[in-house]
Amino acid sequence: VLTDPVFMCGATLSQYFSLPFVFFMRGFPCNLHYKAPQCPSPLSYIPRLFTFNSDRMTFFQRVENALVTLLELVYCNSFYEDAIKFSSEVLQRDVSLLDLMDSASIWLLRFDFVFEYVRPVMPNMVFIGGINCAQKK
C-alpha cells in the first residue's frame, strides 16, 4: 500500500489486512520520519525544525533544541489523536503513533540527502529528491 502518513488511514488499513506499506512523504515536522525507523538523531547535532539553528550550536541553542523536541511530542500526539483512536478501534488494540509508523516497509522521502544534515539513515529509507521540481518559465 502506497500511502501518505498525514492521515494514517493507509497505515491502519495495511496493518488490518497484514499488508506491507510504503510511506511517500516530504517529512514530519515532529521528526517522526527519523524516530520511527530508529535512526539516530542526536539533539546536540541535529537542529529541529523551526529553530533556525545550524549544525554548530551554542549551549543555549542546544537547550532550545531539546525543549523543542519535547514540545514536538506534545503537538504531534495531539495532531494525530483522532487517527490513533480510529486505528485503535479498527485494529482492536491500543496503538500509538510510533506503532503505526514503525512497521512501514519503505520510506520514500521527497527531499535530497545533500540538503539535509548529515546523519545515518536506515536501509529502508530512500531519498527521491527533485520529484516535485517544475520547469522554470
Side-chain angles (χ1 to χ4, degrees):
V1 175
L2 180 64
T3 184
D4 188 354
V6 172
F7 298 111
M8 289 295 157
C9 294
T12 304
L13 287 176
S14 63
Q15 285 195 6
Y16 182 77
F17 291 118
S18 299
L19 296 172
F21 63 99
V22 176
F23 279 141
F24 180 70
M25 57 187 284
R26 168 63 181 100
F28 279 106
C30 46
N31 214 33
L32 284 173
H33 57 288
Y34 288 114
K35 191 172 186 175
Q38 299 177 353
C39 292
S41 188
L43 294 175
S44 57
Y45 297 109
I46 308 297
R48 295 300 184 241
L49 192 63
F50 304 123
T51 60
F52 305 108
N53 295 331
S54 71
D55 57 342
R56 297 175 187 212
M57 295 180 271
T58 64
F59 174 75
F60 292 111
Q61 288 173 329
R62 292 173 203 265
V63 170
E64 174 193 25
N65 209 36
L67 292 174
V68 167
T69 303
L70 293 174
L71 289 175
E72 286 175 349
L73 295 173
V74 173
Y75 73 76
C76 255
N77 284 332
S78 64
F79 180 74
Y80 284 107
E81 186 176 6
D82 293 334
I84 292 170
K85 286 179 187 176
F86 172 74
S87 299
S88 296
E89 289 175 13
V90 169
L91 299 174
Q92 297 178 351
R93 61 182 168 91
D94 287 336
V95 294
S96 69
L97 187 55
L98 282 176
D99 290 338
L100 289 174
M101 297 182 68
D102 65 0
S103 55
S105 299
I106 297 175
W107 294 72
L108 297 177
L109 301 170
R110 294 182 336 199
F111 48 87
D112 246 331
F113 181 74
V114 259
F115 296 125
E116 294 298 311
Y117 291 104
V118 179
R119 67 176 92 196
V121 294
M122 295 297 122
N124 64 340
M125 297 175 77
V126 180
F127 293 93
I128 50 173
I131 199 166
N132 289 337
C133 295
Q135 196 173 26
K136 285 188 174 183
K137 294 182 180 180

Taking side chain as C-beta onward, heavy atoms only, is [X] less than 4.5 Å from [Y]?
{"X": "C76", "Y": "E81", "result": "no"}
{"X": "N124", "Y": "W107", "result": "yes"}
{"X": "I106", "Y": "F23", "result": "no"}
{"X": "V68", "Y": "E72", "result": "yes"}

Nearest heavy atoms of [X] and [Y], plus distance in Å:
{"X": "V6", "Y": "Y80", "result": "O-CE2, 3.0 Å"}
{"X": "M125", "Y": "C39", "result": "SD-SG, 3.3 Å"}
{"X": "R62", "Y": "M57", "result": "NH2-O, 3.1 Å"}
{"X": "S14", "Y": "V1", "result": "CB-CG2, 4.1 Å"}
{"X": "F24", "Y": "P5", "result": "O-CD, 4.0 Å"}
{"X": "F86", "Y": "T12", "result": "CE2-CG2, 4.3 Å"}

Quick check on the hydrophobic clustering: are F17 and M8 connected, directly or via other members, by side-chain heavy-atom contacts under 4.5 Å?
yes
Any chain of hydrophobic side-chain contacts (each under 4.5 Å) joining L70 to Y75?
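Hydrophobic grouping puts L70 apart from Y75.
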Take L108 and M25 through the test side chain to side chain contact (heavy atoms under 4.5 Å, CB included) and record every step on the way to the result.
CA-CA 6 Å; L108 297 177; M25 57 187 284; over 6 Å; no
Euclidean distance, [Y] [atom2] relative to [X] [atom1], rounded to 0.5 Å:
{"X": "S18", "Y": "L13", "atom1": "OG", "atom2": "CG", "value": "12.0 Å"}
{"X": "L100", "Y": "F21", "atom1": "CG", "atom2": "CZ", "value": "7.5 Å"}
{"X": "Q38", "Y": "L98", "atom1": "CD", "atom2": "CG", "value": "9.0 Å"}

Please table the atom pairs, donor to acceptor, closer than 3.5 Å between any side-chain atom in residues 88-95 and protein atoms at least two apart or in another chain.
| residue | atom | partner | partner atom | Å |
| --- | --- | --- | --- | --- |
| S88 | OG | I84 | O | 2.9 |
| S88 | OG | V95 | N | 3.4 |
| R93 | NH2 | Q15 | OE1 | 3.1 |

All ring-ring contact (aromatic ring centres under 6.0 Å, His included) counterparts of F127, not counting sequence neighbours:
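In terms of ring-ring contact (aromatic ring centres under 6.0 Å, His included), with neighbours along the sequence ignored, F127 is linked to F111, F113.
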